[in-house]
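Since we're looking at a predicted model, the values are computed, not measured. All values below were derived from every heavy atom in this structure, side-chain atoms included, with hydrogens, water molecules and symmetry-related copies excluded.
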Amino acid sequence: HRDNEKENFRALADAMKGLNEVPYMITPGDMLGTIPDEKVVVTFVSYLCAALVDISQDFRAAQKIQRAWRRHKFFEVFEEMKERRRAIIKVQALARALMARRQLEELKLNREAIIAKRKEYA
């Protein structure tokens, strides 16, 4: 049972390393096999709660910044894609116009050839 409590305190100490604002005022000896001092525990938990609230506020602020940046980048890429699409449509239109002119020239040549053959037979 005591080993389990010691392991819990090691896990608590590891988790607390990232929380610099929380003073580590409880030692395993304060808690193992005895009833801890209520004021010490309440003070410790109060510091811990305040640190966790700060972290959650920082986390939410970071999320908002990330969301705004991703939105900005999305619209930047979206506008770039729209410009590329317009350019592609222009190139396609020019290619279709060129093909249509070539077909028209071919039809004119065929028509002239047919008229010339008719004149030969006439």
Walk me through whether Arg101 and Glu105 qualify under salt bridge (charged side-chain N to carboxylate O under 4.0 Å, His left out). CA-CA 6 Å; Arg101 281 195 293 277; Glu105 288 297 318; over 6 Å; no
Criterion side chain to side chain contact (heavy atoms under 4.5 Å, CB included) on Gln57 and Asp54, from CA distance to verdict: CA-CA 5 Å; Gln57 288 172 345; Asp54 285 346; 3.9 Å; yes
Checking Ile88 against Arg85 for the side chain to side chain contact (heavy atoms under 4.5 Å, CB included) test, could you report, in this order, the C-alpha distance in whole Å, the side-chain angles of both residues, the deciding distance, and whether it holds? CA-CA 5 Å; Ile88 289 169; Arg85 186 171 185 268; 5.6 Å; no
Could you give me the CA-CA distance, side-chain angles and deciding distance for Arg67 and Arg71, then say whether side chain to side chain contact (heavy atoms under 4.5 Å, CB included) is met? CA-CA 6 Å; Arg67 194 176 308 119; Arg71 181 179 168 89; 5.8 Å; no
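With respect to Glu112 and Lys108, no salt bridge is recorded, no charged nitrogen being found less than 4.0 Å from a carboxylate O. Salt bridge present: Lys73 and Glu76 bring a charged side-chain N and a carboxylate O closer than 4.0 Å. Taking the charged nitrogens against the carboxylate oxygens, Glu83 and Arg86 have no contact shorter than 4.0 Å, which rules out a salt bridge.
Atom CD of residue Gln92 and atom CZ of residue Arg96 lie 5.0 Å apart, to the nearest 0.5 angstrom. Atom CD1 in Ile115 sits 13.0 Å away from atom CD in Glu120 (nearest 0.5 Å). Remark: Leu94 CG to Ile89 CD1 distance equals 12.0 Å, nearest 0.5 Å. Within the model, atoms OG1 of Thr43 and OH of Tyr47 stand 7.5 Å from one another, a figure rounded to the nearest 0.5 Å. Here the CZ-CG distance, from Arg102 to Leu107, works out to 14.5 Å after rounding to the nearest 0.5 Å. In this structure, Arg70 CZ and Ile65 CD1 are separated by 12.0 Å, a value rounded to the nearest 0.5 Å.
Counting heavy-atom neighbours within 6.0 Å of Glu38 CD, excluding the residue itself, gives a total of 12 or less.
Using cut-offs of 30° and 60° on the angle between ring planes, the pair Phe74 and Phe78 is parallel.
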